Structure formats: C-alpha cells, structure tokens
Amino acid sequence: MVEPQEKSAGDARAERYNPRESEPFWQGVWSERESFASRENDTREPYYVLEMFPYPSGRIHMGHVRNYTMGDVVARFQRAKGKNVLHPMGWDAFGMPAENAAMANRVHPREWTYANIAAMRKQLQSMGFSLDWGREFATCDEDYYHRQQMLFLDFLENGLVTRKTSKVNWDPVDQTVLANEQVIDGRGWRSGALVEQRELTQWFFKISDFAEDLLAGLDTLENWPEKVRLMQRNWIGRSEGLRILFEIVDGGTVEVFTTRPDTLFGASFIALSADHPLAAELSKSDHALKAFVAECRRMGTAAEAIETAEKKGYRTPLTVRHPVIEGATLPVYVANFVLMEYGTGAIFGCPAHDQRDLDFANAYGLPVFPVVLPEGESAETFAVTTEAYTGPGIAFNSGFLDGLAIDDAKEKIASVLEARTIEGAPQATRQVNYRLRDWGISRQRYWGCPIPVIHCEVCGVVPVPKKDLPVRLPEDVEFDTPGNPLDRHPTFRNVDCPQCGAPARRETDTMDTFVDSSWYFARFTAPHADAPTIPSLADKWLPVDQYIGGIEHAILHLLYSRFFTRAMQKCGHLDVAEPFKGLFTQGMVTHETYRDAKGEWVAPADVRIETSEGVRIARHLATGTEIAIGSVEKMSKSKKNVVDPDEMIATYGADTARWFVLSDSPPERDVQWTEAGIEGAWRFVQRVWKLVNDARAVIELPAQPGGGDAVASEMLKVAHRATAHVGSDIAGLRFNRAVAQIHEFANAISRFINEMDPSPAEVRIEALRVAVTRLVQLIAPMMPHLAESCWRILGYESLVCDTPWPEADPSYLVDDTVVLAVQVNGKRRGEIEVAKDAPNADVEAKALSLEAVARILGTNPPRKVIVVPNRIVNVVA
RNA sequence: GCGGGCGUGGUGGAACUGGUAGACACACAAGACUUAAAAUCUUGAGGGGGUAUCCCCGUGCGGGUUCGAGUCCCGCCGCCCGCACCA
C-alpha cells in the first residue's frame with residue numbers, strides 16, 4: 001500500500017499535497033473564525049441541513065463518514081449559494097449500551113457515555129465538517145432531558161399522554177418493554193431475544209389520535225423518497241369498514257369489524273380472539289376452552305410459529321342470528337388467528353372470499369358460499385375450494401345485493417344495517433380503522449429520561465410540578481443485579497406527594513430513547529433556551545430543509561418525530577406540522593469479507609490482496625497464508641469487514657475519504673469500500689493539487705496580448721458548463737454525477753495546460769484563471785481542505801468557504817452548432833453538424849447528402865425523414 | 001402471500017420528459033520516463049467478423065407499440081427491501 005504522508009512533506013507549494021499538515025490547519029482557521037456558526041440576526045434565507053445524530057458508541061464508522069459527508073456537501077453548497085445555514089451536531093446518548101458497559105466494566109453510564117462523546121467529537125472534527133459546534137448537546141445532558149420532561153408534562157396536560165394496562169412486549173434479556181415497532185420477527189430489535197407477552201401498566205403517547213393527520217401529511221412530503229412514504233402509509237394501515245352487531249341466540253350481542261361487508265351473505269361462522277371478553281367469560285365454566293385460550297396466548301408471540309401455525313378454533317356453545325338471512329344462524333368459534341388489538345377482536349368468516357377464513361372453514365367442515373362472481377364466470381359453476389377469491393366481481397347469491405359491484409354492495413349493506421337497531425343501537429356503524437397503535441414509552445431502565453410523575457395512594461398519578469424539574473437521575477446506582485436500579489433506589493423512589501404531602505412513590509420508568517430523538521432537531525434551533533424551544537426560532541428554521549440518514553429509520557424515528565412535531569405544535573412550542581421537508585436516505589458502506597482456513601473472519605487491515613493472471617488472491621498480512629474472499633456485506637464488527645475511518649484519515653486524509661464516499665455509487669445505494677477505490681480518490685486529490693500548481697505557473701507567465709480565441713472560449717464554455725452541472729447535481733444530491741463532472745472538467749483543464757505554448761496569449765491565461773478558480777470552487781463542498789490550500793496557491797486571500805458559488809453564464813451553455821446523429825431506419829449511420837435551430841429542410845438535405853445514407857438508399861427516395869430539432873435525424877428507407 | 005424497487009462492459013456506474021448506449025471512474029493491456037520499481041504521462045478497449053474509415057450482434061429472457069425503446073406496454077426469470085393471520 002502507498003504511504004502517502006511520507007511522500008508529501010514540504011512547504012505550501014510542495015510537489016505532493018500533504019493533508020496531514022493542511023487539514024488540521026484549515027480546521028483551526030475555520031474554528032477560530034467561527035466560519036460555520038449560524039447567527040439569528042442574519043437576514044439571509046435560512047437553510048437547515050441535518051444528518052441523523054449518532055449514538056455515541058465510542059468510534060465513528062464509515063456509515064457516519066458517508067452520512068455526514070453528504071450533509072456537509074449540502075451545507076457548504078447552500079452556504080456558498082448565499083443561504084444562512086444551520087448545520088448542527090449532537091448525540092443520541094441515552095440507551096442500553098451504556099448500562100451494558102456499566103455492568104461489564106463497572107463504569108458509570110455517564111462516564112462511559114461522555115468519554116465516548118469526547119472521542120467521537122474529535123473524530124468528527126478531523127473530517128472537517130462545517131458544523132456549528134456551539135449548538136452541540138447530548139440527550140443525556142440534564143439540560144436536555146429537563147426540557148423533555150417539560151414536554152411530557154405539556155403533553156399530559158393536553159391529553160396526548162395516557163396510562164393503560166396492556167399486553168406488552170417484554171424483552172427478557174434487556175428486561176424492558178418494547179414498542180411493536182421494536183419487535184422484529186418476534187425478537188427484540190436490540191437484544192435479539194425472543195419477546196414475551198406480559199401485562200403491565202405503561203405510559204403511552206397517543207400517536208393513534210394523529211393517525212389520519214400523519215397519513216394525510218405524507219402527501220405534502222414531496223421531497224421524501226416515495227418508498228418511505230409508502231412504508232409509513234402501510235404502517236399506519238388505514239382501512240374503511242363496518243362494525244356489525246350480531247345477535248346471540250341466547251341473548252346479548254357480539255360486534256365484529258369487517259372491510260368486506262359486501263360478503264355478509266357468504267358468512268358461515270363468527271370467530272372471537274382468544275383475548276376477547278366473551279371468550280374469557282365462556283372459559284370460566286369451560287375448561288377445554290380455557291386450555292385453548294392459554295395455548296393461543298403461548299404461541300401469540302413467536303413470529304415463526306404464526307407463519308406456520310394452522311388455523312385452529314374452539315367451537316363455543318353460542319350461535320348468532322344471521323343479520324340478513326332470515327332464520328339462518330352461525331356458529332361462534334374462538335380462533336387463534338383473530339387479533340384482539342385490531343377492530344373489535346371478532347370477525348365474521350366468509351370462506352369463499354378470504355383465504356384465512358377458507359383455511360379455517362376447510363379445517364372445521366364449515367360451508368363455503370361464493371357471493372362475489374368474477375367476470376367471465378357463471379353463477380351456476382363458480383366454486384371456491386382451496387383458494388379464496390378476493391378480486392373484483394359482482395354480488396350474487398346475496399339477496400338485495402345481487403348484481404351490485406363490490407363497492408356498491410358495501411355501500412348498500414352499510415346503509416341497510418345502519419338503519420336497523422338491535423337492543424337500541426344501530427346494527428352497523430361505519431368505522432375507519434388503523435393498524436397504528438399508541439406508542440408505549442415506558443422502559444424499565446436507568447439510563448434514560450425519567451418520567452416526571454409521582455404515584456400517590458390518595459391523589460393517584462400526580463405530575464411533578466414544573467418548578468421541581470428536572471427529575472434528575474441519581475448518581476449512586478448499582479448495576480450488579482438485573483432490572484432497573486431506579487426501582488431499588490430508596491431516595492429516588494420514595495418521595496412525598498407534591499399535592500397532599502403523603503408518602504408516595506416516584507415513577508421509576510424512564511422514556512424510550514426514541515423520545516429523545518423525536519425533537520432534537522427542534523432543540524437545535526435554540527439549544528440553550530430555558531423552555532424546550534423558542535417558538536419564533538423554531539418556526540424560523542423548521543422544517544429541516546434537508547434531513548439525511550439511514551433507511552432503517554423509515555418508520556420508527558421518522559414517524560415518532562412527525563407525531564412529536566404535531567404534539568409540540570398543539571402545546572405551542574412551535575408552529576409547523578412536519579419536521580422534515582426534504583428527506584434523503586443514504587445507502588450503506590459495504591466491504592468484502594475474508595475468512596481464514598478455520599472459518600474465522602479476518603479484518604481487511606490484516607489482508608493483502610495479490611492479483612496474479614487476473615485472479616485476486618487474499619493473503620494474511622502477517623503469516624502469508626491464503627485467505628478466502630467472501631461476499632460483499634455491510635460493514636459490521638461481527639464479520640470484521642470494517643475499515644476504520646481514523647486509519648483512513650491518518651493515511652490519506654479526510655478529503656480523500658470524503659471524495660471516495662461520494663464517488664461512483666449513487667448516494668441512495670450501497671457503496672463498496674475498496675482499497676483501489678480509496679487509492680483512486682487519493683490520486684485525484686494529488687492530481688488537483690498538481691493541476692492548480694501547474695496552472696499558477698502558467699498564469700504567472702508573461703502574457704501576449706491577443707483577441708478572440710476559439711481554444712480559450714472552448715475552455716470557458718467547459719468551465720461554465722461544469723459550474724452549471726455540478727451545481728444542479730449537488731442540489732439534487734447526485735454527488736456521484738457531480739464527481740464525474742469534476743473529473744471531466746479537470747481533464748479538460750489538463751489538456752488546455754498541456755497545449756499551452758510558452759508565451760501564451762492573454763485570453764488563454766485569463767480563461768485558465770477562470771477555469772481553475774472554478775474548479776477549486778466546485779470541489780470545495782466535497783474536499784474543503786484541499787480547496788482552501790489550492791485557493792491560496794491561486795493567490796486569493798479570502799477563504800473558499802466564504803466565497804459565493806460561481807454563476808454559470810447562460811451564453812456559454814448554448815452551442816451555436818449542434819452535432820446530430822443521422823439514423824437510417826433507426827440505426828446510426830453517421831452524424832452532421834448544423835447550426836442550432838437550423839430549419840428542418842436544411843437539416844434533412846444535409847443528412848441525405850451523407851455518403852453512408854446515400855449508399856443505403858441507393859436510387860430509391862427516402863419514404864420519410866424525421867427531424868427532431870437539435871436532436872436527431874431518422875431517415876426511413 | 002401482499003406491497004415496492006432493481007437487472008446496462010471485467011467492476012462501480014452514466015444516459016434529462018422515448019432520440020448517437022456504455023459518460024466518468026476502477027481494474028486491465030501497450031508505450032514513454034526510470035538502472036529498476038513506485039508514482040506520473042500517453043494510447044487502447046462492449047462482443048464478433050473483416051486486418052483503414054466496413055458490417056453484424058448487444059442494456060436479464062420472450063413478445064408488442066413506435067420512424068426510433070436501456071427508457072413505454074404485456075408475459076416470464078433472477079436479486080434486493082418493507083409488511084405479514086390487520087378481517
């Protein structure tokens with residue numbers, strides 16, 4: 001491998017560019033001049049660019065480098081475009097790993113966390129990001145969680161918080177509760193442990209109150225990836241349906257929810273969830289049912305089980321009257337596939353038009369009545385056996401619904417049943433249902449934001465008065481026993497009721513860490529305010545113009561943040577509904593994997609790649625033994641295929657690493673880290689340095705007076721085009737294309753210099769000066785340190801980062817002539833150069849005069865000639 | 001199962017609303033410089049055939065629309081992502 005730093009010592013005009021000297025130097029200059037601090041009295045248009053803040057694990061990884069580099073390019077570009085840019089950084093600092101570290105190493109979570117933050121801050125600073133460090137905070141700062149507690153109390157007051165007993169997802173390893181979103185395939189998202197169901201009283205944010213608004217808001221988020229909007233739409237899961245009351249033959253009613261009331265005539269059974277109150281009631285006197293209910297609950301959580309589980313049911317003694325078929329009754333089952341959490345916890349089964357119902361019906365010998373006839377089928381012969389029909393069609397065998405299309409049938413049955421009453425209530429009610437449930441935020445952990453309430457036996461739940469905030473995390477805690485240390489901390493737990501003074505118990509649960517990250521973007525607009533926000537400032541900056549982060553947060557973090565913003569709006573902390581106007585989700589950084597003969601993973605740093613006869617062979621650096629090259633995977637510690645940013649910066653410098661992660665791969669896709677790739681980036685850094693130094697030498701030559709010059713104006717044309725393209729590519733976050741444009745531009749300047757004679761004409765020197773100045777400006781957002789050094793070489797005394805983005809002169813962007821491809825029958829046979837916007841007749845004549853065209857046509861006249869102005873000519877022979 | 005996305009040289013990838021496919025880069029090869037290597041510079045290259053500057057094939061596969069298809073439509077194949085007994 002190259003050891004660049006050894007070859008790059010020397011003064012400012014050294015042969016080689018030396019990032020080890022240059023990068024810390026410019027970082028010092030920017031910091032001293034506070035180049036990137038945002039000021040409130042600035043009248044320029046505000047622009048807020050934010051990258052998802054990191055968890056302080058202790059070291060940055062390449063994913064951070066890529067994410068923050070993209071954000072930094074946007075920030076520097078917008079600053080150059082004259083915007084007042086806010087680009088802050090902070091730390092998502094509460095959470096389990098600090099407690100795990102505390103248990104493993106007997107170090108306090110606070111110490112561990114702040115030490116990690118200090119280390120990572122240093123690493124981030126070595127990347128040269130244009131961050132406003134004056135706004136930095138960590139979510140575990142007392143100052144921050146104090147305001148979060150204020151928000152909690154405001155939410156409580158405004159009816160946005162609720163406390164309820166519910167079946168919760170219990171992570172037996174982390175010993176805490178997980179939200180539904182945090183359970184992935186039946187396992188805890190962090191621990192990977194199989195999640196159990198427990199009954200606990202929990203605090204909830206009423207996100208479901210906003211379900212409709214969160215759904216509608218998605219339509220306004222035009223600068224979000226369609227994929228993310230779709231994922232949120234599905235997550236919210238709106239469905240329109242009907243609640244229908246069925247009369248139980250022995251008295252009473254049972255209410256079901258359905259989105260297919262049009263299939264009511266095809267109903268053949270009713271199924272209740274095992275958790276349905278009626279099932280509980282019946283199981284009191286029915287041991288077999290009781291056992292069945294218990295069995296359902298046991299397998300309720302394991303997702304793999306759900307997938308393969310057979311439809312099982314228990315026939316209760318109950319029957320209900322069919323609402324629209326006179327004299328018919330339906331049996332009532334308790335079934336393992338009905339969810340209590342959705343709808344009413346009870347369904348009617350129409351086997352012909354629902355696969356689950358059909359499976360169930362086939363297992364229990366229940367009848368299958370088709371009631372929707374697909375087009376092209378006949379009512380006499382259409383039958384459903386093993387596959388339910390869920391497509392469009394016309395109602396049949398359905399009494400007064402016969403002949404109606406599905407939507408019309410739904411409408412008709414709804415209005416008929418709405419008008420009837422059962423036990424004084426309408427037999428049916430239209431209902432919009434959502435999959436989205438309330439957000440359970442209680443966590444039985446120490447290292448989180450304490451929930452500021454006190455439980456009093458007399459007064460009930462009492463909010464901690466705002467004057468008593470913050471509820472501080474006690475310092476003296478032990479982690480040697482599992483569970484929550486706060487729960488066994490006497491002075492934290494045992495307090496007097498703020499209302500009546502009686503001995504009371506403090507809430508010992510802390511908040512889900514997703515709460516912390518649901519409003520940090522707002523706090524950055526006034527990081528030192530006494531209140532959670534200063535509304536005028538929040539409204540000035542928000543929504544975030546460009547938010548950048550990983551797709552893994554498409555649902556959780558982004559949905560919670562959207563809810564929080566609405567909740568904060570309701571409480572008067574800010575006045576926008578949507579937190580992030582533009583969202584960009586960047587791809588991962590991947591690397592080849594390596595394994596030795598024993599199957600152990602080997603880190604890239606311990607591997608040497610050799611190429612012999614076109615075949616790549618990996619060898620262990622120390623032992624020389626051959627190592628198997630495996631698939632390309634996301635960089636992860638477990639597979640050891642990580643490349644340490646610190647080492648890259650030490651070897652090649654931050655600019656090279658920045659340039660590499662922006663090159664080649666489109667930013668939303670994964671990028672593969674390769675040794676060859678980083679060396680290519682390194683070479684380009686050196687190339688720019690040499691080019692700028694060469695250019696300066698030419699510019700200093702004595703100039704010969706001279707007028708118009710085609711070569712010089714061609715250089716200017718290229719320069720202006722590059723300016724326009726790079727600008728629009730960066731604005732559209734197409735960094736890989738901006739990089740390609742810059743390559744081409746640099747190639748053109750190189751050629752221009754090479755062709756320069758020893759005593760160049762003044763116009764050429766001027767063209768070179770413009771071109772190379774622009775080149776430096778165009779690379780500045782991506783390779784800011786190199787750009788500053790080059791800027792100085794070119795003799796400018798200002799900083800590039802303070803220099804406005806260059807304008808592209810439109811007159812250089814249009815050509816006087818255009819080259820048109822000439823096709824015959826759609827195949828390219830040659831090209832012609834014509835004046836721009838030349839009359840079609842002239843273009844046609846010139847195209848037909850081409851030798852290749854004439855040869856193919858022979859003596860026959862063309863049947864047709866299509867001229868697309870300034871684009872193409874197609875001759876139809 | 002449902003929903004979404006993607007398939008382009010040896011590789012990463014360009015190609016704006018249908019209009020010169022393969023920009024740019026990596027890797028490769030040849031040459032220059034060098035005692036040599038590295039670095040650097042120049043040149044070459046989708047595949048095949050003709051050894052000039054000519055022709056054929058070519059964007060996962062098969063059809064279609066069009067003067068013209070990587071791009072639009074239909075049917076397959078493969079890969080990736082999200083959701084998943086949500087009634």
Side-chain angles (χ1 to χ4, degrees), chain A residues 2 4 7 15-16 185 225-228 230-235 237-239 241-242 256-261 263 271 273 303 306-307 309 311 335-339 341-350 353-357 359-360 390 433-437 551-552 554-555 611 614 616 660 663-666 668-672 674-681 683-684 686-687 690 728 734 736-747 750 754 819-831 851-852 855 862-868 870-877:
Chain A
V2 203
K7 301 179 172 155
E15 275 288 299
R16 312 278 293 171
D185 292 338
E226 188 51 42
K227 180 187 169 71
V228 175
L230 189 71
M231 282 165 76
Q232 292 213 353
R233 214 167 270 137
N234 292 340
W235 191 262
R238 183 184 198 274
S239 61
L242 206 58
V256 307
F257 176 74
T258 181
T259 56
R260 291 297 302 275
T263 64
S273 164
I306 287 175
E307 215 164 316
K311 303 277 176 293
N336 63 350
F337 66 94
V338 181
L339 302 174
E341 301 81 35
Y342 190 80
T344 59
I347 61 155
F348 77 75
C350 174
H353 304 292
D354 183 292
Q355 191 61 45
R356 294 158 301 181
D357 296 347
D359 294 345
F360 189 81
T390 56
N433 227 320
Y434 299 93
R435 213 184 74 107
L436 181 70
R437 322 257 168 77
I551 186 75
E552 66 273 20
I555 298 173
T611 311
R616 295 171 72 247
F660 175 74
S663 307
D664 285 1
S665 287
E668 68 278 8
R669 259 189 250 176
D670 291 352
V671 64
Q672 190 188 343
T674 63
E675 200 54 42
I678 187 74
E679 286 187 11
R683 280 199 296 273
F684 187 70
Q686 295 302 338
R687 207 170 147 229
K690 183 170 179 297
S728 64
R734 296 179 295 266
N736 57 321
R737 281 185 14 184
V739 164
Q741 291 289 343
I742 289 171
H743 277 136
E744 282 186 79
F745 186 25
N747 290 345
S750 278
N754 288 345
V819 175
L820 302 185
V822 178
Q823 299 178 332
V824 179
N825 294 335
K827 274 185 187 158
R828 184 180 172 280
R829 296 296 172 177
E831 54 188 37
E851 193 263 315
R855 195 180 58 236
R863 281 202 276 168
K864 196 172 169 189
V865 178
I866 289 146
V867 178
V868 182
N870 304 322
R871 280 244 140 123
I872 204 163
V873 181
N874 192 9
V875 178
V876 185

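Only a predicted model underlies this, so the values are computations on that prediction, with no experimental measurement involved.
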Closest approach of [X] to [Y] (non-hydrogen atoms, all atoms of both residues):
| X | Y | answer |
| --- | --- | --- |
| Gly237(A) | Tyr342(A) | O-OH, 4.5 Å |
| Asp357(A) | Cys350(A) | OD2-N, 3.0 Å |
| Leu242(A) | Pro261(A) | CD2-CB, 3.7 Å |
| Ser663(A) | Val739(A) | OG-CG1, 3.7 Å |

Using atom [atom1] of each nucleotide, how far apart are [N] and [M] to the nearest Å?
| N | M | atom1 | result |
| --- | --- | --- | --- |
| C76(B) | C67(B) | C1' | 29 Å |
| A84(B) | C74(B) | C1' | 29 Å |
| A69(B) | U59(B) | P | 11 Å |
| A45(B) | G22(B) | P | 12 Å |
| U71(B) | G3(B) | C1' | 24 Å |
| U11(B) | C57(B) | P | 24 Å |
| G60(B) | G10(B) | P | 13 Å |
| A32(B) | A23(B) | C1' | 27 Å |

Reckon [X] touches a base, only the sugar-phosphate, or nothing at all at heavy-atom distances under 4.0 Å?
| X | value |
| --- | --- |
| Glu744(A) | sugar-phosphate |
| Asp359(A) | nothing |
| Ser665(A) | sugar-phosphate |
| Val876(A) | sugar-phosphate |
| Leu339(A) | base |
| Val739(A) | nothing |
| Asp357(A) | nothing |
| Arg233(A) | nothing |
| Arg855(A) | sugar-phosphate |
| Val865(A) | nothing |
| Arg863(A) | nothing |

[X], nearest nucleotide to its side chain (from [options]):
| X | options | result |
| --- | --- | --- |
| Leu230(A) | A87(B), G4(B), C24(B) | G4(B) |
| Phe257(A) | A87(B), U20(B), G13(B) | A87(B) |
| Val868(A) | G3(B), A87(B), G19(B) | G19(B) |
| Lys311(A) | C85(B), C26(B), U20(B) | C85(B) |
| Gln823(A) | C85(B), G68(B), A23(B) | G68(B) |
| Thr258(A) | A23(B), A87(B), A14(B) | A87(B) |
| Lys227(A) | A21(B), G3(B), C81(B) | C81(B) |
| Asn874(A) | G68(B), A87(B), U20(B) | G68(B) |
| Asn336(A) | C85(B), A39(B), A21(B) | C85(B) |
| Met231(A) | C83(B), G82(B), A87(B) | G82(B) |

Base partner of [N], which must satisfy Watson-Crick or wobble distances under 3.5 Å:
| N | result |
| --- | --- |
| G3(B) | C81(B) |
| A52(B) | none |
| A69(B) | none |
| U40(B) | A32(B) |
| C24(B) | G12(B) |

Rounded to whole angstrom units, what separation is found between the [atom1] atom of [X] and the [atom2] atom of [N]?
| X | N | atom1 | atom2 | result |
| --- | --- | --- | --- | --- |
| Glu226(A) | G5(B) | CD | P | 9 Å |
| Phe684(A) | A39(B) | CZ | P | 18 Å |
| Ile555(A) | C83(B) | CD1 | P | 5 Å |
| Lys864(A) | G68(B) | NZ | P | 9 Å |
| Asn736(A) | C26(B) | CG | P | 15 Å |

Output yes when at least one side-chain N/O atom of [X] is less than 4.0 Å from OP1 or OP2 of [N], else no.
| X | N | value |
| --- | --- | --- |
| Asn747(A) | A25(B) | yes |
| Arg828(A) | G58(B) | no |
| Lys827(A) | C57(B) | yes |
| Arg687(A) | C41(B) | yes |
| Arg829(A) | U20(B) | no |
| Arg683(A) | U40(B) | yes |
| Arg435(A) | A84(B) | yes |

Going by atom types alone, do Arg260(A) and Thr390(A) pair a side-chain donor with an acceptor below 3.5 Å?
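Arg260(A) vs Thr390(A): no donor-acceptor pair found between side chains.
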Arg435(A)/Glu341(A) salt bridge by N-O under 4.0 Å criterion:
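Looking at Glu341(A) and Arg435(A), the cut-off is not met.
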Base G12(B) paired with Asp664(A) side chain (donor-acceptor, <3.5 Å)
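Yes, the side chain and the base share a sub-3.5 Å donor-acceptor pair.
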Can a cation-pi geometry be assigned to Lys311(A) and Phe360(A), taking NZ or CZ under 6.0 Å from the six-membered ring centre and within 45° of the ring axis?
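Judged by the rule, Lys311(A) and Phe360(A) form no cation-pi pair.
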Position toward the 5' end of RNA chain B (nearest nucleotide), Val875(A) or Thr344(A)
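Checking each residue's closest nucleotide, the 5'-ward one belongs to Val875(A).
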Closest-nucleotide ordering on RNA chain B, the 5'-leading residue of Arg260(A) and His743(A):
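The 5'-side residue here is His743(A).
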Would you call G63(B) syn or anti, using the 90° rule around 0?
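For G63(B), whose glycosidic angle is more than 90° from 0, the conformation is anti.
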Ignoring hydrogens and geometry, is there a side-chain-to-backbone donor-acceptor pair from Gln823(A) to Arg829(A) under 3.5 Å?
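Answer holds: no.
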Are the side chains of Arg687(A) and Arg683(A) in contact, using a 4.5 Å heavy-atom criterion?
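Side-chain contact under 4.5 Å: no.
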Please tabulate, for the side chains in residues 870-877 of chain A, all donor-acceptor contacts under 3.5 angstrom to protein atoms that are two or more places apart in sequence or on a different chain.
{"unit_1": "Asn870(A)", "atom_1": "OD1", "unit_2": "Asp837(A)", "atom_2": "N", "d": "2.9"}
{"unit_1": "Asn870(A)", "atom_1": "ND2", "unit_2": "Asp837(A)", "atom_2": "OD1", "d": "2.8"}
{"unit_1": "Asn874(A)", "atom_1": "OD1", "unit_2": "Asn825(A)", "atom_2": "N", "d": "3.4"}
{"unit_1": "Asn874(A)", "atom_1": "OD1", "unit_2": "Gly826(A)", "atom_2": "N", "d": "3.1"}

